[in-house]
Amino acid sequence: MSDGHDDIPKIGVGFHFEDLHQGMRFRTASRTLTEADLVNFCNMTWLTEELFTNTAHRGEMALTERVVPGALVYSFCEGLMLPMMQDTGLAFLHMELDVKAPTRVGDTITVFCEVIEHRLTSRGDRGLVRTRNSVRDQDGREVLVYTPLRLIKLRGKA
C-alpha cells in the first residue's frame, strides 16, 4: 500500500554524521493522536486549559473540535524522530518552532525532514546537523514546523 511518498526514504536506525548531507530528505513513521494521549499529556504536564480539558462546552470555545496542545504534537514528533538519532545523537542544542494549524484528536501525524545545515564542530570530532521538520496530518496539511540543531556522532567516534 502506497501513501504517495515512496520516493522519500523512511528512517529506521540512527544516522551518523557522514550518512547525512545538506538537502537530504526523509520521513518518519506515522502516529495517530488519541483521546488517551491528550488526557495523559494534560495530566502529566498540568496543562489544564479548558480548550484541552473541557468537553461539555465545546460550542462556546474558539475551536469546537477536540484539539491537542502544540507541545504534545512536538513531543510526539521527537518520539517519531528517535530512529534518526538512536545511538548516534549526542545533544539537542537549539530549535525554533512554529505551530501552523490546530491538530485534533484522531489526526495522524508524520514528520517530513530536510537537512538544512550540516557541518563539523570546530574540534572536528562531531557533526552539527539542523533539520527542517514539517509535521503534516493525514490530509497533508502542515500543522507544525521546527528546526532542531543536533550534535551527531561521526562513524567510529565515541
Side-chain angles (χ1 to χ4, degrees), residues 3 5 7-49 51-53 67-158:
D3 63 2
H5 301 288
D7 58 327
I8 301 173
K10 190 173 185 178
I11 61 176
V13 295
F15 291 118
H16 287 87
F17 178 76
E18 299 90 336
D19 300 326
L20 300 163
H21 59 85
Q22 194 158 344
M24 181 178 178
R25 293 180 175 183
F26 53 90
R27 66 181 173 91
T28 67
S30 299
R31 171 71 153 81
T32 300
L33 305 173
T34 67
E35 179 73 19
D37 295 330
L38 172 60
V39 170
N40 289 330
F41 186 84
C42 288
N43 285 334
M44 181 182 68
T45 61
W46 287 28
L47 191 57
T48 58
E49 182 178 348
L51 178 63
F52 308 123
T53 61
V67 293
V68 299
L72 181 153
V73 176
Y74 161 73
S75 296
F76 278 33
C77 290
E78 279 297 280
L80 289 169
M81 289 294 297
L82 183 62
M84 173 204 170
M85 59 208 140
Q86 185 70 37
D87 297 327
T88 60
L90 298 171
F92 184 104
L93 302 173
H94 178 264
M95 80 163 175
E96 293 181 12
L97 182 141
D98 188 16
V99 177
K100 299 288 195 174
T103 307
R104 302 162 198 78
V105 168
D107 281 350
T108 300
I109 56 172
T110 307
V111 185
F112 290 83
C113 304
E114 180 179 0
V115 177
I116 60 173
E117 183 178 345
H118 182 266
R119 61 187 166 91
L120 288 172
T121 62
S122 58
R123 289 179 24 192
D125 62 343
R126 299 171 184 174
L128 293 166
V129 176
R130 184 182 311 274
T131 55
R132 180 185 187 278
N133 297 352
S134 171
V135 183
R136 301 181 201 164
D137 68 12
Q138 66 281 354
D139 298 321
R141 180 179 61 137
E142 189 172 63
V143 297
L144 190 136
V145 173
Y146 68 107
T147 56
L149 178 64
R150 304 179 197 276
L151 190 62
I152 304 288
K153 287 182 187 178
L154 271 66
R155 188 167 276 106
K157 301 280 184 176

Notebook entry, point to check: Would Thr103 and Leu144 satisfy side chain to side chain contact (heavy atoms under 4.5 Å, CB included), going step by step from the backbone distance to the final call?
Noted result: CA-CA 9 Å; Thr103 307; Leu144 190 136; over 6 Å; no
Notebook entry, point to check: Leu151 and Leu128: side chain to side chain contact (heavy atoms under 4.5 Å, CB included), yes or no, with the steps?
Noted result: CA-CA 5 Å; Leu151 190 62; Leu128 293 166; 3.7 Å; yes
Note to self: Using side chain to side chain contact (heavy atoms under 4.5 Å, CB included), reason through Leu20 and Met84 one step at a time and then give a plain yes or no.
What the structure shows: CA-CA 10 Å; Leu20 300 163; Met84 173 204 170; 4.2 Å; yes
Check: Going through the checks in order, is the side chain to side chain contact (heavy atoms under 4.5 Å, CB included) test met by Phe52 and Leu47?
Finding: CA-CA 8 Å; Phe52 308 123; Leu47 191 57; 4.2 Å; yes
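Scanning all heavy atoms of the two residues, the minimum distance from Leu80 to Thr28 falls at O-CG2, 3.5 Å. Pairing each heavy atom of Pro148 with each of Phe92, the nearest pair is CB-CE1, 3.6 Å. Nearest heavy-atom pair, Leu72 versus Asp37, reported as atom, atom and distance to 0.1 Å: CD1-O, 3.6 Å. The minimum heavy-atom distance linking Ser30 with Thr108 is given by the pair CB-CG2, 3.7 Å. Taking both residues in full, the closest heavy atoms of Val67 and Pro102 are given as CG1-CB, 4.1 Å, listed atom of the first, atom of the second, then distance. For Phe76 against Leu33, the heavy-atom pair with the smallest separation is CD2-CD2, 3.4 Å.
The number of heavy atoms from other shown groups lying within 6.0 Å of CD (Glu96) does not exceed 12.
Ionic pairing of Arg155 and Asp19 is present here: one or more N-O contacts between side-chain nitrogen and carboxylate oxygen are shorter than 4.0 angstrom. A salt bridge links Asp125 with Arg123: the closest approach of a Lys/Arg side-chain nitrogen to an acidic carboxylate oxygen falls below 4.0 angstrom.
Put simply, the side chain of Val68 does not reach to within 4.5 Å of the side chain of Cys42, judged on heavy atoms. Taking the side chain as every heavy atom from C-beta outward, Val135 and Tyr74 never approach each other to under 4.5 Å. For the pair Met81 and Cys113, the minimum side-chain heavy-atom distance is below 4.5 Å. At a threshold of 4.5 Å between non-hydrogen side-chain atoms, the residues Met95 and Arg150 do not count as touching.
Here the CG-CZ distance, from Leu120 to Arg126, works out to 12.0 Å after rounding to the nearest 0.5 Å. Distance check: Ile109 CD1 to Arg31 CZ gives 8.0 Å after rounding to the nearest 0.5 Å. Rounding to the nearest 0.5 Å gives a distance of 12.0 Å between OG1 of Thr34 and CG of Asp107. Atom CZ of Arg136 sits about 11.0 Å away from atom CG of Asn133, to the nearest 0.5 Å. The structure places CD of Glu18 at 7.5 Å from NE2 of His118, a figure rounded to the nearest 0.5 Å. With rounding to the nearest 0.5 Å, the separation of CZ in Arg25 from OG1 in Thr131 is 13.0 Å.
Under the 3.5 Å distance criterion, the side-chain polar atoms of Gln22 are matched with a main-chain donor or acceptor of Ile116. No donor-acceptor pair under 3.5 Å is formed between the side chain of Arg132 and the backbone N or O of Val145. Formation of a donor-acceptor pair under 3.5 Å by the Lys153 side chain with backbone atoms of Asp87 is found in this model. The main-chain N or O of Asp139 is found under 3.5 Å from a side-chain atom of Asp137 such that the two form a donor-acceptor pair.
Aromatic pair Phe15/Phe26: centroids less than 6.0 angstrom apart.
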